[in-house]
Number of protein chains: 4
Amino acid sequence: MKKNRPKYMQIIDAAVSVIAENGYHQAQVSRIAKQAGVADGTIYLYFKNKEDILISLFEEKMGSYIEKIEPVIAGKESAAEKLLLLIDSHFRMLSEDRDLAIVTQLELRQSNKELRLKINEVLKGYMKLIDEILLEGKQNGEFSRSLDIRLARQMIFGTIDETVTTWIMNEQKYELNTLSIPIHELLLNGCGAGTSGPSASQV
Amino acid sequence: MKKNRPKYMQIIDAAVSVIAENGYHQAQVSRIAKQAGVADGTIYLYFKNKEDILISLFEEKMGSYIEKIEPVIAGKESAAEKLLLLIDSHFRMLSEDRDLAIVTQLELRQSNKELRLKINEVLKGYMKLIDEILLEGKQNGEFSRSLDIRLARQMIFGTIDETVTTWIMNEQKYELNTLSIPIHELLLNGCGAGTSGPSASQV
Amino acid sequence: MKKNRPKYMQIIDAAVSVIAENGYHQAQVSRIAKQAGVADGTIYLYFKNKEDILISLFEEKMGSYIEKIEPVIAGKESAAEKLLLLIDSHFRMLSEDRDLAIVTQLELRQSNKELRLKINEVLKGYMKLIDEILLEGKQNGEFSRSLDIRLARQMIFGTIDETVTTWIMNEQKYELNTLSIPIHELLLNGCGAGTSGPSASQV
Amino acid sequence: MKKNRPKYMQIIDAAVSVIAENGYHQAQVSRIAKQAGVADGTIYLYFKNKEDILISLFEEKMGSYIEKIEPVIAGKESAAEKLLLLIDSHFRMLSEDRDLAIVTQLELRQSNKELRLKINEVLKGYMKLIDEILLEGKQNGEFSRSLDIRLARQMIFGTIDETVTTWIMNEQKYELNTLSIPIHELLLNGCGAGTSGPSASQV
DNA sequence: TATGAATGAGGGTTCATTCAT
DNA sequence: CATGAATGAACCCTCATTCAT
């Protein structure tokens, strides 16, 4: 399996670094190769083409994050707590790797439609995770019975995403994680949690 | 004023149509010219360069939308009603011009950072509009006193944007405007409106 | 006759000024038209095409100079005096119109082969003038009997031309006309005048 | 070093040939590449841009000529002999490579001011060589004590240059080298050599 | 496995010239 | 005579990918 060889991750990390520093359109394959310390041709021993580097980058970084976060979330008791953990972990992951944050929030979005469709495939796992939290919240009465899960998921993901993008655009001048609790409260309210008890944020 | 000559809008409309059909990276100037029924060189009598077409496109379509919607919203009495009108008009505008929806939600986001910064300038007017609604809602007690306007704005814009993008990605298989009221309800709840009275959506 | 209409010279003068200021490749027809205070299309009522402006420019400025200098030179008695007058007038003409000097010595030489062939046609009158001086000098014993007129002419024209070009390249930091007498002496020597009497420069 | 790889000279030679045949403005990069037997992109592995090909061409051909001729001239005893060698070598070099003659005398002069300034840099070495010959001739009494070196150099270079250009313009109908001795005699006279002894051309 | 020299397709923009008014 | 909006051909350069070593 090529993915297990050291140069595989070496190239992906080089891609993140080069794209974050120079932007998507300045991230030539030769530049990534140089940063990774390999020859241009070597890239093609590990990746089908340039697009494949970017997809793999997203899969490795986001895919592995989703896999990692899933069991941790499963350990929490209430949907509210799960949602808070989701938001906070999301913010923490991107705060801790600002290059990755720039790449996923700004640069990778300049890619063509095809690539973005494939990125969406990876995100589906994340959407499913959100849906499960919402479903649980509906079923155990934490959230409104009439909650439309698809719309609520768009609200949650859209809000998180817009929040991170704004933070990046403001050159990360503030601590992203300080927003976890207020954003959580907003979203809980949105889901109808505020009507039947104390805010879960206060838990 | 060049903007008043008929070919100006003719070229912008051609750009929307060509980009929607072929994608951002396939939208060669010569293709846009052909679609507009003018010579390649004529483009440069009306626009500084290719990027200028795209900026102008966004300014004309979104900028004029913002200007148009502003007084209509001002006519509404409550913040909740204003928010509903904002959402519903946003959805309606993009439903009525699906090419424009594709261009603004998917294609224009592939542009370089510079262009996107200029697009953000145009969007600032929209953000300000949202902020005003939120401020009004806070002041007249419709929304929670503790509402963080910046975060609430990110929630509102992020949710609307994500909802439209999902609709586009699903090839517009459903009516976007049917989502106006449920999205409105979600967002109102998020703003803390549900805690102190009947949902404004029911107004 | 188009040449008698005021706009004809107006356009030529505008061309000299625009080319001197901005260089040959920046001298677009529209720029010349603007400088001349006429519409682009008007240029084509007076000139066949852009090249025709440049040829006419050279014909008018250099051709008229040659016609003017010819009778003055004819009035001088010795070949040596005639040569001095030729050199000094040449330097004076270009000193007095530095724009023209820049255009003829530097900018017009960037034109294509065809244009330069036509310029050479105009210069033939000048070459003939030099040849006549040389022939007279040979016949009356001022110059060497063995002088090759063609080569001597190349020396004279080449020296004058190189001297003016060097002066232009040095940004006209010195008075070109101070070189008339020493250059004259060099060239007289070259023609074998120094062997049979006092320097003609001292006449 | 890129200059040592065979394709470097291959491309330069192709450029000379293409420019000589089709003219400066018709010498597209793709045409030069084709003539050199390489792909368009390969040009850019050896040269920064198109202008760089032309500068390099001049440096390689004229620069290397100047370096080569310098020690040979140093071996001659008198300034007169040195001058003859300079003229004759100059004529020989261009006679032996008529494409190069066309390119340097006619085509390269159509280039923009910037390129011509760089060409002048290369020529400065040549001017220095002429100056050294003149200085030596003045000091050892071969040339007139009152000789102005700068003006004499302009005469020498101007005469040689004009002679070659006339030869090119006449489509090389005669042997350029037959002019070496008579031109030499003209220039020696010009430098005041004829006044104090037998012509060095007769040596 | 690894290299890196070589490939070649593809597009934004300028500007001399025209022609309907 | 005069205008100036419209035309459209023409070209340099980049960079993802290949393949001989």
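Chain letters run A, B, ... following the sequence lines, proteins first, then strands; residues in each count from 1. Scope of the values below: all heavy atoms of this structure, side chains included, with no hydrogens, waters or symmetry mates.
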Close side-chain approach of [X] and [Y], heavy atoms under 4.5 Å:
| X | Y | answer |
| --- | --- | --- |
| D:K118 | D:F58 | no |
| D:I55 | D:I119 | no |
| C:L108 | C:R116 | no |

Filtered N/O pairs between nucleotides 17-21 of chain F and protein, under 3.5 Å:
residue	atom	partner	partner atom	Å
F:dT17	OP2	A:Y44	OH	2.9
F:dT17	OP2	A:K50	N	2.9

I'd like to check the side chain to side chain donor-acceptor pair (under 3.5 Å) partners of A:K124; sequence neighbours left out, ordered by chain and number.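 A:K124 satisfies side chain to side chain donor-acceptor pair (under 3.5 Å) with A:E121 once adjacent residues are dropped.
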Sorted by chain and number, sequence neighbours left out, side chain to side chain donor-acceptor pair (under 3.5 Å) with C:R109 holds for C:D161
task: Could you list by number each residue of residues 18-28 of chain A showing a heavy-atom separation from DNA chain E of less than 4.0 Å, or answer none if no residue does?
output: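 Output list: empty, so none.
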**Message:** Show every salt bridge (charged side-chain N to carboxylate O under 4.0 Å, His left out) that has at least one partner inside residues 30-47 of chain D, sequence neighbours left out.
**Reply:**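 Salt bridge (charged side-chain N to carboxylate O under 4.0 Å, His left out) check on residues 30-47 of chain D returns no pairs.
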At what distance, to the nearest 0.5 angstrom, does CG of C:L54 lie from CD of C:E107?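 With rounding to 0.5 Å, CG (C:L54) is 11.0 Å from CD (C:E107).
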Dot-bracket assigned to DNA chain E with the 3.5 Å Watson-Crick/G-U criterion, [ ] for crossing and | for other-strand pairs, is .||||||||||||||||||||
On the nucleotide F:dA2, are OP1 or OP2 found under 4.0 Å from the side-chain N or O atoms that C:K7 carries?
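The answer is yes; a side-chain N or O of C:K7 sits under 4.0 Å from OP1 or OP2.
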Worksheet item: Can you check whether A:R31 has a side-chain N or O nearer than 4.0 Å to OP1 or OP2 of F:dC15?
Response: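 The answer is no; no side-chain N or O of A:R31 sits under 4.0 Å from OP1 or OP2.
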For residues 11-30 of chain C, which side-chain donor-acceptor pairs fall under 3.5 Å, sequence neighbours excluded?
residue	atom	partner	partner atom	Å
C:D13	OD1	C:K61	NZ	3.1
C:S17	OG	C:Q35	NE2	3.3
C:H25	NE2	C:Q110	OE1	3.4

Only counting residues at least two apart or in another chain, list the ones meeting side-chain contact (heavy atoms from CB on, under 4.5 Å) with A:M169.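 side-chain contact (heavy atoms from CB on, under 4.5 Å) list for A:M169, sorted by chain: A:L106, A:T165, B:N120.
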The side-chain contact (heavy atoms from CB on, under 4.5 Å) partners of A:D52 (sequence neighbours excluded) come to A:F47, A:K48, A:N49, A:S56
By nearest-heavy-atom nucleotide on DNA chain F, the more 5' of D:T42 and C:T42 is C:T42
Considering only heavy side-chain atoms of D:L45, the closest of E:dT7, E:dT3, F:dT7 is E:dT7
